[in-house]
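Accompanying notes for the structure given below.
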Amino acid sequence: MTKERSSFTNQLGFVLAAAGSAVGLGNIWRFPYLAAKYGGGIFLLVYIILAVTFGFALMITEIAIGRKTGLSAIEAYKALDKRFAFVGILGTIVPVIIFPYYCVIGGWVVKYFVAYLAGQGAMAAGGDYFSGFIAQAGSPVLWLAIFMVLTSLVVMCGVQKGVEKASRIMMPVLVVLAVVIVIFVLTMPGAWEGVKYYITPSFSDFSVTTVLAAMGQLFYSMSLAMGIMITYGSYMKKEDNLEKSVGQIEIFDTGIALLAGLMIVPAVFVFSGGDKEALSAGPGLMFITLPKVFDTMPFGHFVGGIFFLLVLFAALTSAISLMETIVSILQDKLHWNRITTCLVVLVGGFLIGLLSALGYSVWDNVKILGMQMLDFFDFISNSVLMPIVALFTSIFVGWILKTKVISDEVKISSKFHREKLFHVVIRYIAPVFLIAILVSSVLSAFGWIKI
């Protein structure tokens, strides 16, 4: 007897959960940095155009595959065509790689949130605070464990009572917190110069690298090619409007990214006197530069606490989706109960996470391809595996399975208004874009080109 698959309560539950997955750390620090680097408004324009075309086509494909098969990634591709079962396997590897190191960064966020709660904002703004923290052997491991346990507790509660309920609470709160911080930042003297820089298109800065950077961020931001949207799609009811849901997820994801830019770019712009270098990429922006910015603000410690609570919610919703995807895959494959599966993923994720947590202390000298462990895991998952999975998915759906199969699934619940766009993007545009992303990401990682 086949056990009935869990499902979200309704369309809103699905949208909030999927949007929670898409809205993560990449939206908070990576989007503002790239927007500032690639001409502000022109980057925003390119990103939005890609989101409603390229991103839409890939997302609706993955969700439709999940809903049609009622299976997680590793089994869904196999059910559609055994020859493409390897795509599901590759897609399964992605969250397994990302989840542990993502939880390490999530642990850093918890550490900073607790520091601000304890009134230690001035200490957090110190030049050596972050480097001293990650160089310790014990503290990063402790915060990794705390963040991972928080994530696991939600996933253990199931799809409706855990994943959906957490998203229904955290996503609205996240939006409110973001709006509060944006309003506060925009009252700072000189902030509007930063806003102008952020949203005004600079067409002289437009280039192929602008498009490649926007595509890479879109990929990173919308939880594509990780098996997440396939898994969440498998929990979606047939009567829920699939196309409308994808549009709402895009609005949530892009809206939070834009709000993050309005939070961060003007604040750092004021703090640095207009120096773009202050908007440096990576953990440095969130854990080094921004605490210094908060330290100079009126009520900055309060704003800093709200900011890291916002970031914590963003990190948790994404980590929950990563863990839920792994749990779903194992349950489909091994037929374990949810609690047992969650405990196995928790222990396994923690052990793998130690490689990244200790990569700046005990194992500081251990490098792969010249990268620290966390950077290597990020590179192999985001820059290599995800473009490959999406490329094979677009080839499979566009040329082997045929786009009609996806269109028919979408039309079960509504008209497919962007069907022609979907058809053209999946068959012709997505493969070219994905090859460009893959090649440019690898060349950039090795320093052969700059993006």
Side-chain angles (χ1 to χ4, degrees), residues 1-21 58-92 94-96 155 157-164 167 223-246 249 320-338 340-342 345 389 392-393 396-397 400-414 416 422 426:
M1 184 177 177
T2 304
K3 184 180 177 182
E4 185 180 349
R5 192 167 185 81
S6 301
S7 65
F8 292 111
T9 305
N10 52 31
Q11 186 172 315
L12 177 62
F14 165 76
V15 169
L16 289 175
S21 169
L58 287 175
M59 181 175 284
I60 205 163
T61 295
E62 292 194 5
I63 294 173
I65 287 174
R67 193 174 76 169
K68 179 176 178 60
T69 61
L71 297 166
S72 52
I74 199 167
E75 295 295 324
Y77 286 94
K78 185 179 178 181
L80 293 172
D81 191 323
K82 289 183 179 179
R83 295 172 299 173
F84 280 78
F86 73 95
V87 182
I89 295 170
L90 289 176
T92 298
V94 175
V96 171
V155 178
C157 291
V159 175
Q160 290 186 9
K161 294 181 179 178
V163 177
E164 181 180 339
S167 299
S223 294
L224 300 172
M226 302 184 197
I228 292 173
M229 291 302 165
I230 294 177
T231 300
Y232 278 16
S234 73
Y235 300 146
M236 191 181 192
K237 293 179 179 179
K238 291 288 187 180
E239 62 267 25
D240 291 340
N241 189 317
L242 207 159
E243 183 178 12
K244 185 178 179 181
S245 296
V246 172
I249 295 165
I320 287 165
S321 69
L322 287 164
M323 184 173 183
E324 175 61 33
T325 300
I326 300 169
V327 167
S328 177
I329 288 163
L330 289 176
Q331 284 192 291
D332 282 353
K333 197 73 178 172
L334 303 173
H335 307 293
W336 293 345
N337 67 57
R338 177 168 284 266
T340 301
T341 310
C342 286
V345 174
V389 171
F392 279 116
T393 298
F396 173 51
V397 171
I400 309 299
L401 186 67
K402 303 300 183 184
T403 54
K404 185 178 182 299
V405 174
I406 301 300
S407 294
D408 288 345
E409 181 63 30
V410 175
K411 290 175 182 176
I412 289 174
S413 52
S414 67
F416 194 177
F422 159 74
I426 284 295

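Scanning all heavy atoms of the two residues, the minimum distance from Val327 to Arg338 falls at CG1-NH1, 4.3 Å. Here the shortest heavy-atom pairing between Ala76 and Ile65 reads CB-CG2, 3.8 Å. The shortest non-hydrogen separation linking Ala64 to Ile406 is CB-CG2, 3.7 Å. Looking at every heavy atom in both residues, Ala17 comes nearest to Tyr232 through O-CE2, 3.3 Å. For the residue pair Tyr235 and Glu324, the shortest heavy atom distance occurs at OH-OE2, 2.6 Å. In terms of heavy-atom proximity, Ser245 sits nearest to Gln11 at OG-CG, 3.2 Å.
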Subject >> Steps toward side-chain hydrogen bond (donor to acceptor under 3.5 Å, both in side chains) verdict (Ser223, Ser21) >> reply: CA-CA 7 Å; Ser223 294; Ser21 169; 2.9 Å; yes

Subject >> Test log, rule side chain to side chain contact (heavy atoms under 4.5 Å, CB included), inputs Cys342 and Met323 >> reply: CA-CA 8 Å; Cys342 286; Met323 184 173 183; 4.1 Å; yes

Subject >> Verdict with reasoning, Asn241 to Ser414, per side-chain hydrogen bond (donor to acceptor under 3.5 Å, both in side chains) >> reply: CA-CA 6 Å; Asn241 189 317; Ser414 67; 3.2 Å; yes

Original post:
Can you list the steps and then say if Ser72 with Asp332 is a side-chain hydrogen bond (donor to acceptor under 3.5 Å, both in side chains)?
Top reply: CA-CA 7 Å; Ser72 52; Asp332 282 353; 2.6 Å; yes

Original post:
Between Lys68 and Val405, does a side chain to side chain contact (heavy atoms under 4.5 Å, CB included) hold up when you go through it step by step?
Top reply: CA-CA 9 Å; Lys68 179 176 178 60; Val405 174; 3.5 Å; yes

Original post:
Step by step, would you call Phe396 with Asp81 a side chain to side chain contact (heavy atoms under 4.5 Å, CB included)?
Top reply: CA-CA 9 Å; Phe396 173 51; Asp81 191 323; 3.6 Å; yes

**OP:** For side chain to side chain contact (heavy atoms under 4.5 Å, CB included), just list the numbers for Thr69 and Glu75, CA-CA rounded to whole Å, side-chain angles, deciding distance to a tenth of an Å, and then say yes or no.
**Re:** CA-CA 9 Å; Thr69 61; Glu75 295 295 324; over 6 Å; no

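For the atom pair Ile230 CD1 and Arg67 CZ, the distance stands at 14.5 Å (nearest 0.5 Å). The distance from the CD atom of Glu164 to the CD1 atom of Ile320 is 12.5 Å, given to the nearest 0.5 Å. The structure places CD of Glu243 at 10.5 Å from CZ of Phe422, a figure rounded to the nearest 0.5 Å. One distance of note links CG of Leu401 with CD1 of Ile426; it measures 11.0 Å at 0.5 Å rounding. Atom-to-atom distance recorded for Leu90:CG and Thr393:OG1 is 9.5 Å, nearest 0.5 angstrom. Atom CD of Glu409 is separated from atom CD1 of Ile60 by 10.0 Å, given to the nearest 0.5 angstrom.
In the displayed structure, Phe8 atom CZ is contacted under 6.0 Å by more than 12 heavy atoms of other residues, nucleotides or ligands. More than 12 heavy atoms of other residues, nucleotides or ligands sit less than 6.0 Å from atom NZ of Lys238. Annotation for Lys402: atom NZ counts as buried by contact number, over 12 foreign heavy atoms lying within 6.0 Å. Lys244 NZ: 12 or fewer foreign heavy atoms inside a 6.0 Å radius.
Here the side chain of Glu62 pairs no donor or acceptor atom with the backbone of Gly227 at under 3.5 angstrom. Side-chain atoms of Lys237 come within 3.5 Å of backbone N or O of Thr9 as a donor-acceptor pair.
When the options Ile326, Leu322, Ile329 are evaluated for a side-chain contact (heavy atoms from CB on, under 4.5 Å) with Val345, the one that passes is Ile326. With Thr231 as the partner, the side-chain contact (heavy atoms from CB on, under 4.5 Å) test is satisfied by one option alone out of Ile63, Ile74, Thr325: Thr325.
In this structure, Tyr77 has its ring center at least 6.0 angstrom away from the ring center of Phe84.
Using a 3.5 Å distance cut-off with no hydrogens or angles, the side chains of Gln160 and Ser6 do not pair a donor with an acceptor.
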